[in-house]
Number of protein chains: 2
Amino acid sequence: MGILQKAFELIYVKGYQTTSIDDILATTQVTKGAFYYHFRNKDEMGIAIINELLKPGFAAAFIEPLHTEGDPVKIIYDMMYAILMKNELLKVEYGCPAANFTQEMAPWHSDFTRVLNELSQEWKNAIIHCIRKGKKAGRIRADVKSEQVAVFIMSGYWGIRNMGKLNNSRSVYLIYLKQLKDYLHTLQ
Amino acid sequence: MGILQKAFELIYVKGYQTTSIDDILATTQVTKGAFYYHFRNKDEMGIAIINELLKPGFAAAFIEPLHTEGDPVKIIYDMMYAILMKNELLKVEYGCPAANFTQEMAPWHSDFTRVLNELSQEWKNAIIHCIRKGKKAGRIRADVKSEQVAVFIMSGYWGIRNMGKLNNSRSVYLIYLKQLKDYLHTLQ
DNA sequence: ATAAATAGATACTAACCCGTATTTTTTAAC
DNA sequence: GTTAAAAAATACGGGTTAGTATCTATTTAT
């Protein structure tokens, strides 16, 4: 886990392909023998980072908030606000770790893409579930298509991460969040 | 331009970092001497690809459609539909070339980020302009914030490109487009 | 025709890459 | 205390990388 943590930090900042195993060894003070005792190769370590580090963090920040009771509009907005503005691990200049992996590995590394797709599907299902609950409670219009809304919200998130990288400033997050709030209110 | 074209095709599919100069030389049948006569180094070629190839193609598909007269809702939706569903150069499994570059290069290669930011700003300004015209013509509500909407639309685009990569299917584009249409109608 | 500038070809370097083979140290079991 | 397994250290191999040095060929200008 120590190796994975440090490796993740390097990869999050530099990218997977450009982070060499020697880089990881240098910063972790781990020798090559130890590294290859724990991981068969670099890709196995990459997959381990996603499963052991990314998934738990993702579940805490992206999934769990959606399971709380209340107004979906508020729940979804608050989740997004927390992810973009409060989360101290995710820096605006380095974007979303999951999106970085996706962009870099798809479509060539199918192992990565499959695991990342699982992440994405979990989020999607949680959003759909949250909206369906809101519809039953009369908080969301009955004609709202849950899946469409989920996909729309997710795409907005990944896109604003990209714009944040370009602008290297959270100010674009705030602009996005304002419009997200307006959009969510149209679902009521 | 021949080198740039072939190099772009390789980079679009494989990524910038993982496309070696030797790869480019092999597919272009150009020798190393010729290559380094025209470009000082790899990054200069990368910047040239963005300026000489990406920018013109971007202007044609992303900017020009926004300059036509008419209903912004229809104009913006049609533009997005054409980009996602009709453009034969942009494949769903390889995503958006500009987004790929951004994801891969930011924040370390400031030359790339700066040029890509110019692209992004041009698109943003064109969308803002389109919406402002719509407001003046009474086609868009007066209280709509043009910049917020522009950022929201752009983030949706870049995000859905990411999801398309993950799913490797245009079906997710269609789901997104439906909700985009609904969203745009709320601006009227 | 000659000189100069442009363009292209070839061979090479020095650094870096991932992964392996081999050896050494540490830990645990009996 | 001996043995065996687990864990870690080291050195190296085979291949790739971006970029350079050097040489040759082709235009262009005078």
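Because only heavy atoms are used, hydrogens play no part in the values below, and waters and symmetry mates are left out as well, while side chains stay in. Labels below follow one simple rule: chain letters A, B, ... track the order of the sequence lines, proteins then strands, and each chain is numbered from 1.
- At least one side-chain heavy atom of A:Asn100 sits less than 4.5 Å from a side-chain heavy atom of A:Lys165.
- Using a 4.5 Å cut-off on side-chain heavy atoms (C-beta onward), B:Val13 and B:Glu93 make no contact.
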Can you give one letter per nucleotide of nucleotides 17-23 of chain D, going 5' to 3': B for a protein heavy atom under 4.0 Å from the base, S for sugar-phosphate only, - for none? SBBB---
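- Residue A:Lys181 places its NZ atom among 12 or fewer non-hydrogen atoms of other residues, nucleotides or ligands, all under 6.0 Å distant.
- Across residues 102-112 of chain B, not one residue has a non-hydrogen atom less than 4.0 Å from an atom of DNA chain C.
- Paired with B:Tyr16 under the rule ring pair (Phe, Tyr, Trp, His ring centres under 6.0 Å), one option of B:Phe112, B:Trp108, B:Phe8 passes, and it is B:Phe112.
- Sorted by first and then second residue, the side chain to side chain donor-acceptor pair (under 3.5 Å) pairs involving residues 79-90 of chain A (not counting sequence neighbours) form an empty list.
- Side-chain contact check for B:Glu64 and B:His67: no donor-acceptor pair (N or O, by modelled atom type) lies under 3.5 Å.
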Which atoms of nucleotides 4-7 of chain C (N or O only) lie under 3.5 Å from a protein N or O atom, and what are those distances?
{"from": "C:dA7", "atom 1": "OP2", "to": "B:Tyr37", "atom 2": "OH", "distance (Å)": "2.5"}

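- Atoms CG (A:Leu25) and P (D:dA11) sit 14 Å apart, rounded to a whole Å.
- A cation-pi arrangement is not found for A:Lys42 relative to A:Phe35, the charged atom failing to lie both closer than 6.0 Å to the ring centre and inside a 45° cone about the ring normal.
- Judged as a salt bridge (charged side-chain N to carboxylate O under 4.0 Å, His left out), and not counting sequence neighbours, the contacts of A:Glu69 are A:Lys133.
- In this structure, CZ of A:Phe39 is placed 14 Å from C1' of D:dA7, rounded to the nearest angstrom.
- The ring-ring contact (aromatic ring centres under 6.0 Å, His included) search around B:Tyr176 returns A:Phe152, not counting sequence neighbours.
- Between the side chains of B:Asn162 and B:Gln103, no donor-acceptor pair of N or O atoms lies under 3.5 Å.
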